[in-house]
Each structure stands twice: as C-alpha cells, then as structure tokens.
Protein chains: 2
Amino acid sequence: MRLQVSNPPNRTTRKVKNIEKTEHSIGIDLGGTDIKAGLVSSVGDISCRVVVPTDVETGGPQVVASRIAEAVRQVLVKVETQDGNSHQPTADSHSCKIGVGLGSPGLIIAETGVVHFSPNFPGWTDIPLVTYVNAALAKLQPLKKYKPILRGMDNDVNAMTLGELHHGAGVGYNNLVALTLGTGVGGGVVIDGEVYHGSQNTAGELGHTVVEPDGRYCGCGNQGCLEAYAGAKNIVERIQEKITAGRSTTLATATNAGTTLTPRMIAEAAQAGDALAIEIFAETGRYIGIALTSIAHILNPQIAIIGGGIAEAGEKLLFEPIRAELSKRAMDIPGQVKIVKAHLGNDAGIVGAAMLALEGSLK
Amino acid sequence: MRLQVSNPPNRTTRKVKNIEKTEHSIGIDLGGTDIKAGLVSSVGDISCRVVVPTDVETGGPQVVASRIAEAVRQVLVKVETQDGNSHQPTADSHSCKIGVGLGSPGLIIAETGVVHFSPNFPGWTDIPLVTYVNAALAKLQPLKKYKPILRGMDNDVNAMTLGELHHGAGVGYNNLVALTLGTGVGGGVVIDGEVYHGSQNTAGELGHTVVEPDGRYCGCGNQGCLEAYAGAKNIVERIQEKITAGRSTTLATATNAGTTLTPRMIAEAAQAGDALAIEIFAETGRYIGIALTSIAHILNPQIAIIGGGIAEAGEKLLFEPIRAELSKRAMDIPGQVKIVKAHLGNDAGIVGAAMLALEGSLK
C-alpha cells in the first residue's frame, strides 16, 4: 500500500550548537598509515593540506601523538608562509589559540578524548590520546603566531558524518544516517542535528546491521552483517568465489594471471558491460537496501548519505539497486528516505574533524 | 572478541522535561474495540479505571471522539464520587482543568494530534482527532469540579514506551528501545530521555527490522520483517505449518479437532515440555535477538524492554533464546544492552497516555 503523505519531509535548518561561525580550525584525519590534515574555514573549505606518516609501527600512542603534532605544525607553517591568504585564521594577537579536531578509527570516548580500542592501533586500550596530543602540541617549536589546542575528538566515521552534515550532502537536514563503504562499512547517525553516540559511544555501527542471518561471516564474528557483503574485501571475495565456481567474466584473465581484483577493477568491468561484475554490484546494492530498510523503519531519517571508495561505482551500478530494494521493502513513509552520494569524498574526514574543534566536544 | 569495558553503562536519571510532578492526569488507551481509561498519579498509579466500547463501526471519527469523552466523563464521575480518595486530582478551584492524554494506534502526528492513518480505523486519513475530542469534552454534561482538556497524543506504542520509561522497566535509563509483541510487533525508541519520532513520525517501527531477507511475508508487504516471525498470528502460523508437515506435538489433538491455536496454548504446551512448542518459542527468540543485534549496533541503547502478550511466555521460553542470540551476534559493547520484561503490562498504555498529558505535547 502506498499512502499519500500530506506533509513533505521536515527539511529545516540544522542546529549548529556551540559553533562560532567565524573561526578557522585544523582538522586531522588519523589513519593507520597516514595522518591527513588541513586548515578548514567556517564554510568548510580546506587549505594548507599536509600528509605525514602515522609511524604507528615505530612507537606507541605517544609517538603517534607527536606525529599528529607534526602534522599540525606543518599546516601552520604553510599558513604562516601564505600571509595575506584568504584562508588565514583570524588569530587573536595575544592568545593566538587555534582549535584542532581529530577523527580517529576505533571506539572513541568523544567527551574525554580517549581511544577505548582501535583495530588500526593494535594494543591500544583506553589511551588518553587528547592528553598526549596536547602535550606534544605544547612541545612544538614556537610558531610565530599560533597556539594549537586539541578541542574535539571522535570516531573517524562520526567525524565524516559531521563533515557531510555541516558542509556536504547533509546540509539542510536534521535527521540522517551516513554509510561509508570502504575496507569496512562504517556508519553515523544524526539525531536532531547532532551525531548520536548512544549509551557507550558505539551507536552508528550501521555496517553491522544484519542482512542475511545465516550468511557470510563478518570480521566482527557475526554472520550476515552488511559489512560482510559490502566491504571492499568482501565484494572482491564474492566475485572471486563466483569466478572459481566457473562463472564467466572478463575479469577471469586477470585473476588467472594471479592479479588480486579490486572493487575499482570490478566497477570498470561492470561499466564495460561485464554481466558478473554488474551482478556483484547489484547484489551489493540489494544488501545495502535491506540494511537501509531496517534503518529507515527504526529511525525514519530524511536522508541516507553513502560515501567511501565503493560509492564511486555510482548511480547505475550501485545507487539504483539500493533504491529499488528500499522501495520494494520499506513502508511508504520511512521509505521516502533520500539516498544520496556523499559530497565531500576523502575530504569529509578533515572537514568533520575541524567541525569537532568548532563544536569543542572535549571538556 | 570480548573487550573489557572500563566505563559501566551510563545509567543516569532521565530527563522529564516539562512534567509537573504534582499533577494527576487522565490516560486514554484507544483501541479498535475498547477505550481503556484511568486517573494516573504523578508516580504512575492508576485509579478510577473505566472501559467503554470504541463504537468505531457505528460512526466516524467524531463518534469515536465522543466515546473518548464519555470515557473521560466516567473516570471523572468515579473521581468525584470517591471524595477524599488519595488519588484525587489537585484541581484548582477556579479553573479545575485536568489534562488528558491519548495513545492511538496508527501513524499519529504528535505535535498536531492528527491521525494520519490507522489500520484499526479504516478510512481515517489525516483526522484532526484532538479537535474532535476537545469539542466532545466541551459538550460533556457539566462536571462538578473538573474541566478535562486533551493535552497530549501519540502513537499507542510510543505512549506505552513513555509509560515504561517514566514508571516501568525504563526508570533510570535515558536511551532505550521497547518492543511490544502482540498481534503485530510494535516498537519505540527513546533518545536522551525522550521518545524519538524521526523526520515524519514513523521512527521506532522495530517490528519491521528485516531479520530474514527472503523469509516470510509481513502484513506490510515486505519479506522477512521481525513481525512476520514474532507477531501472534505468525507464531501460530509457524507452528501450524510444522504440524501440517507432520511434526508431532501435544497440540495436534487440538488442531485436528478444529481448534485455532493461540500463543498462550503454545506457551502452555512448551511449559509442559512439548518439544515443537519449545522450538517455536526458541525460533521466535532467535529472530528477536537478530533484530536486537541490528538495533544495538545502530543505537547502542542501555536496555531493550520487551512487553505484550507474547512476552508472557517468560524467561526460559523466550528471553533466554533472545539473550543467547544477541550474545552470539552483537559486538561486545553494544551487546551489553540489557533485555528486560516490561513492568507495566496492559497498564503501560494508560500510564504512558497520562504522561503525554503531563508532557503537553500538543500545542
């Protein structure tokens, strides 16, 4: 049954609590390999970008904290050498404080800046990263104008969600979910204009929505999570299994030559008309649509933002199957959730981290 | 992997925004057959209960509104004849206003008191029930002391969730979900101490979490919703199918004699050791556990409250299989959600409706 809805979706201006709109800040996207950083303006533009290695192998959390401080230093050196640049922060000539925000993989206690645990940083348990980073920032060679301070920290996917909310596909919406399709499948939930953390900072694990209860095993140990179908590794495994089972595909030549497939290779084959590659993306879209049906019934969001490398497969290969599955399954009103591609791409992490600094989540 | 968690669940006092703690109010639980009403004290005690027929067949929404007013009148007559009763409302001698709250099945626009649509009231579309009820209340024979006014209205399951939150199993929690296992499977979501409505008032449809994507058809048209396994009708259908397929059970005698089974009969057979009946409840618990795994990963609630007639099957038959499935599937931290039986039973609807009056959701 399709119902007529008299009220259009409630598309109101989002809340931007505690955000001083004139400030610039520094966003840090902490990864297992690299630290990406940049200066972010109040309208979400990034300048003075730097990338430094994380060096997680060579030391513990304090070494990583010093690498984060180094990234901040390099950003500020760029800022200072670009005097008169329109992106220059409006630093107070006395205090010269500039806020830094950090998105980190793992389970992050946003209020205290503690890394409870992170799959990217083996052995880290309840690491007070904010303390280490601020200590490392304090030890920096004196910078001409600026005193950087870590003011906000969250899980990397929550940071990306915040970036999309304030400066990306989520602008104008209050209630939304975000999915990032990368190696794993991350998620974020926005309730009434704020990222929702749940009772123990683990809300938004949308990649672990169950889509096939007796299905593929997920890295988390559960069977049939969305991630077990839509994560990059899992998409490759699924096509490999079908090739091994004798399905014909233009990709067989590559795999027979020992090349490990990537989602990009599968997407390119699909775009060139390869039936098996098209089928793999259609299945991926179907499972995302099943997860979004559950999510839409539970949360009734206005939009679902889908980003990450796999989302680059695009409208025809991925987004159309997602919408078809949702439309087939969801009740009329929750099923009106708009499925949109993320706008900020790889910049969402830096932009969102800078928003964390503006929000000043750390006490 | 099981992680040690240093922080216990955040069990803080809930917010009770706008609630005047000294007030009594009248709660109305509107059903397709009966209207249940009572006077509810600020600590959630019900007195002066009445039940009147809904009379939905004999007229339209205005007839139902007059039946609701009649229920209110009967409650107030009982109040007035019980002078000196400890539950007597503290009415102001001048205005004598007393708040009324209403829980109604269907999609309710809580802010405006409109029934957008309701499966129990065929043909109702965008009915301004609050206007009709207040008109009917104004037409009541003058009551000695009280002027009742409809101040709050919501979906019946949201009302029950509010009742459990303030006076039942949810006391002391801010972030929770509630499932009611009846003819259908209803749900409610509490975020930061308030029932969450989503962008178009349909949040909390937990019964339509997908648990088996190619599974049983649900009344909503989707395949494999939780309701298609855990609704009363569906539980009966599932055992009937197995009996027809030749599975032996002590219930076969009854079905062969033409008796239609009920969940209570199945529960009694299970309690007496019938293997098939036990299996049916274990399967039901398994599917509830699958849905709660998704919900726990999405929302990370502190507790999940499970009520409704089917929940009477109890710990061994139903709650243990739910917890076992959740424990097997969920990641450590979200999996710590407590699974508890609702405390208020059939009273949750009246108590929650009275809370709606105290919250004064209608503008």
Side-chain angles (χ1 to χ4, degrees), chain A residues 1 3-7 9-11 107 109 116-117 125-126 173-177 187 189 191-192 196-213 220-225 286-287 290-291 293-302 328-331 333-334 336-337, chain B residues 1 3-7 9-11 107 109 116-117 125-126 173-177 187 189 191-192 196-213 220-225 286-287 290-291 293-302 328-331 333-334 336-337:
Chain A
M1 174 177 45
L3 293 171
Q4 285 303 314
V5 178
S6 49
N7 300 335
N10 182 23
R11 195 172 195 282
L107 198 165
I109 318 296
H116 175 64
F117 118 98
T125 306
D126 291 320
Y173 296 95
N174 264 329
N175 297 301
L176 60 84
V177 294
V189 169
I191 300 281
D192 293 342
Y196 183 63
H197 290 86
S199 62
Q200 288 161 289
N201 289 283
T202 71
E205 287 286 0
L206 309 184
H208 302 280
T209 306
V210 180
V211 294
E212 190 73 88
C220 76
N222 185 16
Q223 250 182 303
C225 291
R286 172 171 182 262
Y287 281 114
I290 291 169
T293 299
S294 293
I295 292 164
H297 287 154
I298 295 166
L299 287 173
N300 181 211
Q302 295 155 309
K328 194 177 90 179
R329 289 182 176 272
M331 289 192 286
I333 293 178
Q336 291 172 13
V337 55
Chain B
M1 174 177 47
L3 294 170
Q4 285 301 312
V5 178
S6 49
N7 301 334
N10 180 24
R11 196 173 195 281
L107 197 164
I109 317 296
H116 176 64
F117 118 99
T125 307
D126 290 321
Y173 297 95
N174 266 328
N175 297 302
L176 61 85
V177 295
V189 169
I191 300 282
D192 292 342
Y196 183 63
H197 290 87
S199 61
Q200 290 162 288
N201 288 284
T202 71
E205 286 288 359
L206 309 183
H208 302 280
T209 306
V210 181
V211 295
E212 191 73 88
C220 76
N222 185 16
Q223 249 183 305
C225 291
R286 173 172 183 261
Y287 281 113
I290 292 169
T293 299
S294 293
I295 292 165
H297 287 154
I298 295 166
L299 287 173
N300 180 211
Q302 295 155 310
K328 193 178 91 180
R329 290 182 176 271
M331 289 193 285
I333 293 178
Q336 290 171 12
V337 56

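Note that the structure is predicted; figures quoted are calculated from it, not measured. Lettering of chains follows the sequences in order, A, B, ..., and the numbering in each one begins at 1.
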Chemist: When you measure from the side chain of A/Thr202 to the backbone N and O of B/Ile333, does any donor-acceptor pair fall under 3.5 Å?
Modeler: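 No, because the side chain of A/Thr202 does not come within donor-acceptor range (under 3.5 Å) of the backbone of B/Ile333.
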Chemist: If you measure from CD1 on B/Ile290 to CD on A/Gln223, what distance do you get to the nearest 0.5 Å?
Modeler: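 Between B/Ile290 CD1 and A/Gln223 CD, I get 9.5 Å after rounding to 0.5 Å.
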Chemist: Any sub-3.5 Å donor-acceptor pair from A/Asn300's side-chain atoms to B/Gln200's backbone N or O?
Modeler: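 Here the side-chain-to-backbone pair exists.
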Chemist: Please tell me if the side chains of A/Glu212 and B/Pro213 come closer than 4.5 Å, counting only heavy atoms from C-beta onward.
Modeler: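 A/Glu212 vs B/Pro213: side chains touch.
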Chemist: On a heavy-atom basis, which atom in B/His208 and which in A/Met331 lie closest, and how many Å separate them?
Modeler: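 Residues B/His208 and A/Met331, closest heavy atoms: CD2-CE, 3.6 Å.
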Chemist: Any heavy-atom pair between the side chains of B/Ile295 and A/Thr209 that's under 4.5 Å?
Modeler: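 The answer is no; the side chains never approach within 4.5 Å.
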Chemist: Go through the atoms of A/Val211 and report whether side chain, backbone, both or neither lie under 4.5 Å from a heavy atom of chain B.
Modeler: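 The backbone, not the side chain.
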Chemist: Apply ring pair (Phe, Tyr, Trp, His ring centres under 6.0 Å) to B/Tyr287 and list each qualifying residue two or more places apart in sequence or on a separate chain.
Modeler: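 Partners of B/Tyr287 by the ring pair (Phe, Tyr, Trp, His ring centres under 6.0 Å) criterion, ordered by chain and then number, come out as B/Tyr229.
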Chemist: Kindly compute the distance separating OG (B/Ser294) from CD1 (A/Ile298), expressed to the nearest 0.5 Å.
Modeler: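 Taking OG in B/Ser294 and CD1 in A/Ile298, the distance rounds to 6.5 Å.
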Chemist: What part of A/Pro301 is in contact with chain B, defined as an atom under 4.5 angstrom from a non-hydrogen atom: side chain, backbone, both or neither?
Modeler: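 For A/Pro301, backbone heavy atoms alone lie under 4.5 Å from chain B.
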Chemist: To the nearest 0.5 Å, what is the distance between CG on B/Asn175 and OH on A/Tyr196?
Modeler: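 Here the interatomic distance stands at 3.0 Å.
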Chemist: Once rounded to the nearest 0.5 Å, what's the spacing between atom SG of B/Cys220 and atom NE2 of A/His297?
Modeler: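 These two atoms lie 6.0 Å from each other.
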